[in-house]
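Computed from a predicted structure; not experimentally measured.
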Amino acid sequence: MTASVVVTGLGVAAPNGLGTGDFWAATLTGKNGIGRITRFDPSSYPATLAGEVPGFVAEDLLPSRLLPQTDRMTRIALVATDWALADAGVNPKELAEFDMGVVTASSSGGFEFGQGELEKLWSKGGQYVSAYQSFAWFYAVNSGQISIRNGMKGPSGVVVSDQAGGLDAVAQARRQIRKGTALIVSGSIDASICPWGWVAQLASGRLSTSEEPSRAFLPFDADACGHVPGEGGAILILESGESARARGARVYGEVSGYGATFDPVPGSGREPGLRKAVELALADADVEPGDVDVVFADAAAVPELDRVEAEAITALFGPHGVPVTAPKTMTGRLYSGAGSLDLAAALLSINSGRIPPTVNVELAAEYPLDLVGPRPRSAAVRTALVLARGHGGFNSAVVVRAAG
């Protein structure tokens with residue numbers, strides 16, 4: 001089946017805005033959500049900056065019974081799902097429970113919860129470890145908790161492909177809707193800003209050690225020195241276009257194309273897989289490169305990876321051939337939450353006629369890109385391409401188009 005699959009609801013939690021409206025307003029004004037870590041003392045670590053979600057108080061937004069059994073990422077995901085369902089005008093109690101599913105992505109699971117329980121194990125003994133540790137750390141816990149809270153018993157799952165995960169989850173959700181499921185909650189929220197999670201992220205060797213928020217995350221810049229991690233992401237409500245129209249839902253746009261590849265083994269001499277992923281997504285959407293109005297870049301801020309991405313974009317669209325933007329320079333890389341947040345931004349761009357800016361970056365001469373600068377660009381956006389790459393060689397691309 002190739003029935004259209006559309007997005008009817010968004011729930012956003014980002015370092016520069018809590019809630020879709022706040023996030024979009026902050027993004028268009030170039031508000032930087034990157035700063036010195038406050039969730040723990042980072043002074044003994046080589047990297048001290050992150051994008052932290054501001055103003056999130058779980059006690060004000062969730063039932064108290066959920067707090068002892070959930071990690072920060074799950075709490076944010078549950079609230080973002082509430083917002084997305086409300087935005088879509090969906091009351092899960094009014095739908096058949098097996099006609100609703102949940103497919104999210106995760107990069108690391110509930111690291112902060114796990115750290116707390118390990119500290120109890122080491123300092124007090126096993127009898128002090130919470131039984132909730134058995135699932136609160138798990139990659140699939142967001143999908144599970146969202147499905148339980150909303151009575152969703154249809155096809156569900158989790159995708160683990162690092163930064164590419166948010167796009168891969170939405171693609172899997174699209175598959176399930178084409179198989180007949182009425183509604184899928186998808187996207188991702190990630191949050192691993194705790195000492196244990198921080199050490200794991202440092203092991204990648206890709207974190208920026210700059211202590212200046214405006215100069216720490218600079219993709220496609222001559223001073224690029226690695227990325228700044230962040231927390232948050234976006235939850236999206238996906239439905240078939242037919243059912244959305246039948247109930248009179250507001251539609252943000254259609255998920256019309258998807259492609260995914262793996263990079264070859266280092267040293268093999270074979271080309272990276274990003275360009276092929278884009279070609280697959282464009283073919284799946286039945287669009288030509290000239291139909292694409294904007295590219296939301298993966299924006300690794302690692303010179304070698306920036307070069308690979310710039311070469312892929314230039315090969316397909318030509319030098320300076322399409323506007324390219326990287327709003328994640330305001331949030332940091334949110335791991336699995338990054339792709340879904342970029343999808344939300346792409347859909348908001350389609351509906352507002354404004355391409356979000358790329359802040360702080362001075363485009364290096366070696367990259368022949370039409371990089372959107374520090375201010376938003378007005379444009380008639382009908383088709384957007386979102387790119388994401390995960391550590392270990394994952395490449396994913398999604399095409400979203402205006403509805404109708």
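You'll find the side chain of Val7 stays beyond 4.5 Å of the side chain of Ile237, heavy atoms only. Contact check for Arg36 versus Asp41: side-chain heavy atoms found under the 4.5 Å cut-off.
Between the side chains of Ser214 and Asn32, no donor N or O sits under 3.5 Å from an acceptor N or O. In summary, the side chains of Thr104 and Asn142 do not present any donor paired with an acceptor at a separation below 3.5 Å, with no hydrogens or angles considered. In the model, Ser336 has no side-chain atom that pairs as donor or acceptor with a side-chain atom of Gln163 under 3.5 Å. At a cut-off of 3.5 Å, with distance as the only test, no side-chain donor of Glu117 or Ser130 sits close to an acceptor on the other residue.
Surrounding CD of Glu242 are at most 12 heavy atoms belonging to other residues, nucleotides or ligands under 6.0 Å away. Atom CZ of Arg375 has 12 or fewer heavy atoms from other residues, nucleotides or ligands within 6.0 Å. Within a 6.0 Å radius of CD in Glu271, no more than 12 heavy atoms belonging to other residues, nucleotides or ligands are found. In the displayed structure, Lys120 atom NZ is contacted under 6.0 Å by more than 12 heavy atoms of other residues, nucleotides or ligands. Residue-environment remark: CZ (Phe262) stays at or below the threshold of 12 foreign heavy atoms within 6.0 Å.
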### Message
Before you tell me yes or no, could you show the steps for Thr48 and Ile37 under side-chain contact (heavy atoms from CB on, under 4.5 Å), namely the whole-Å CA-CA distance, both residues' side-chain angles and the distance that decides it to 0.1 Å?
### Response
CA-CA 6 Å; Thr48 61; Ile37 293 170; 5.6 Å; no
### Message
Does Tyr335 form a side chain to side chain donor-acceptor pair (under 3.5 Å) with Glu231? I'd like the steps, not just the answer.
### Response
CA-CA 8 Å; Tyr335 296 98; Glu231 63 179 4; over 6 Å; no
### Task
Take Arg247 and Glu239, measure what salt bridge (Lys or Arg N to Asp or Glu O under 4.0 Å) needs, and give me the verdict at the end.
CA-CA 11 Å; Arg247 70 179 186 88; Glu239 305 177 58; 2.6 Å; yes
### Task
Evaluate the criterion ring pair (Phe, Tyr, Trp, His ring centres under 6.0 Å) for residue pair Phe40 and Tyr45; output intermediate values, then yes/no.
CA-CA 11 Å; Phe40 66 92; Tyr45 298 88; 5.7 Å; yes
#### Entry: Step-by-step side-chain contact (heavy atoms from CB on, under 4.5 Å) determination, Leu118 to Trp196
CA-CA 10 Å; Leu118 285 174; Trp196 188 21; 3.6 Å; yes
### Message
Could you walk me through whether Leu207 and Ser204 satisfy the side-chain contact (heavy atoms from CB on, under 4.5 Å) test, starting with their C-alpha distance in whole Å, then the side-chain angles of each, then the deciding distance to 0.1 Å, before giving a yes or no?
### Response
CA-CA 7 Å; Leu207 267 62; Ser204 72; 3.8 Å; yes
### Task
Please report the C-alpha distance between Asp370 and Arg377 in whole Å, then the side-chain angles of each, then the deciding distance to 0.1 Å, and finally whether the salt bridge (Lys or Arg N to Asp or Glu O under 4.0 Å) criterion is met.
CA-CA 12 Å; Asp370 178 16; Arg377 184 183 299 182; 2.9 Å; yes
### Message
Run Ser108 and Ser192 through side chain to side chain donor-acceptor pair (under 3.5 Å) and show every step you take.
### Response
CA-CA 7 Å; Ser108 56; Ser192 297; 2.5 Å; yes
#### Entry: Thr181 and Asp99: CA distance, side-chain angles, deciding distance, side chain to side chain donor-acceptor pair (under 3.5 Å) verdict
CA-CA 5 Å; Thr181 304; Asp99 279 343; over 6 Å; no
### Task
Start with the C-alpha gap between Asn16 and Phe23, add the side-chain angles, then the distance that decides, and say whether side-chain contact (heavy atoms from CB on, under 4.5 Å) holds.
CA-CA 6 Å; Asn16 63 344; Phe23 160 73; 3.3 Å; yes
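Across Ala388 and Ala164, no two heavy atoms sit closer than the pair CB-CA, 3.8 Å. When every heavy atom of Ala47 is checked against every heavy atom of Trp198, the shortest pair comes out as O-NE1, 2.9 Å. Residues Ala173 and Ile184 approach most closely at CB-CG2, 3.4 Å, considering heavy atoms. The shortest non-hydrogen separation linking Val90 to Leu95 is CG1-CD1, 3.9 Å. Closest heavy-atom contact between Gly35 and Pro213: CA-CG, 4.3 Å.
Rounded to the nearest 0.5 Å, atoms CD1 (Ile76) and CE (Met73) are 10.0 Å apart. Distance check, rounded to the nearest 0.5 Å: CG of Leu183 to OG of Ser240 gives 9.5 Å. Residue Ile235 holds its CD1 atom at 11.0 Å from CG of Leu341, rounded to the nearest 0.5 Å. If you take CZ on Arg215 and CG on Leu49, they are separated by 13.0 Å, rounding to the nearest 0.5 Å. Separating the CD1 atom in Ile146 from the CE atom in Met152 is a distance of 8.5 Å, to the nearest 0.5 Å. From Glu304, atom CD reaches atom CZ of Arg206 across 8.5 Å, with rounding to the nearest 0.5 Å.
The existence of a salt bridge linking Arg389 and Glu309 is confirmed by a sub-4.0 Å separation between a basic side-chain nitrogen and an acidic carboxylate oxygen. Ion pair Arg174/Asp284 flagged as a salt bridge, since at least one NZ, NE, NH1 or NH2 atom sits closer than 4.0 Å to an Asp/Glu carboxylate oxygen. Lys276 has no carboxylate O lying under 4.0 Å from a charged side-chain N of Asp263, or vice versa, which leaves the two without a salt bridge.
The aromatic ring centroids of Trp137 and Phe113 lie 6.0 Å or more from each other.
Glu112 pairs in a salt bridge (charged side-chain N to carboxylate O under 4.0 Å, His left out) with only one of the listed residues (Arg39, Arg72, Arg75), which is Arg39. Only one option out of Thr383, Val381, Asp293, Val294 pairs with Ile350 in a side-chain contact (heavy atoms from CB on, under 4.5 Å); it is Val381.
Sequence neighbours left out, the pairs with a member in residues 353-374 that pass ring-ring contact (aromatic ring centres under 6.0 Å, His included) are Phe220-Tyr367. Residue pairs meeting the ring-ring contact (aromatic ring centres under 6.0 Å, His included) criterion with at least one member in residues 265-319: none, sequence neighbours excluded. Residue pairs meeting the side-chain hydrogen bond (donor to acceptor under 3.5 Å, both in side chains) criterion with at least one member in residues 249-259, sequence neighbours excluded, are Asp87-Arg250, Asp87-Tyr252, Asp168-Tyr258, Arg250-Tyr252, Ser256-Arg401. Contacts classified as side-chain hydrogen bond (donor to acceptor under 3.5 Å, both in side chains) and involving residues 342-352 (residues at least two apart or in different chains) are given here: Lys328-Asp342.
Formation of a donor-acceptor pair under 3.5 Å by the Thr74 side chain with backbone atoms of Thr70 is not found in this model. For Asp286 (side chain) and Ala283 (main-chain N/O), no donor-acceptor pair under 3.5 Å exists by modelled atom type. Looking at Thr261, its side chain does come within 3.5 Å of a backbone N or O of Gly273 through a donor-acceptor pair.
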Indicate every side-chain donor-acceptor pair of residues 53-69 with a distance under 3.5 Å to a residue at least two apart or in another chain.
| residue | atom | partner | partner atom | Å |
| --- | --- | --- | --- | --- |
| Gln69 | OE1 | Gln145 | NE2 | 3.2 |
| Gln69 | NE2 | Arg65 | O | 3.2 |

Side-chain donor-acceptor contacts of residues 354-364 below 3.5 Å, not counting sequence neighbours, with atom names and distances?
| residue | atom | partner | partner atom | Å |
| --- | --- | --- | --- | --- |
| Thr358 | OG1 | Thr325 | OG1 | 3.4 |
| Thr358 | OG1 | Ala326 | N | 2.9 |
| Thr358 | OG1 | Val372 | O | 3.2 |

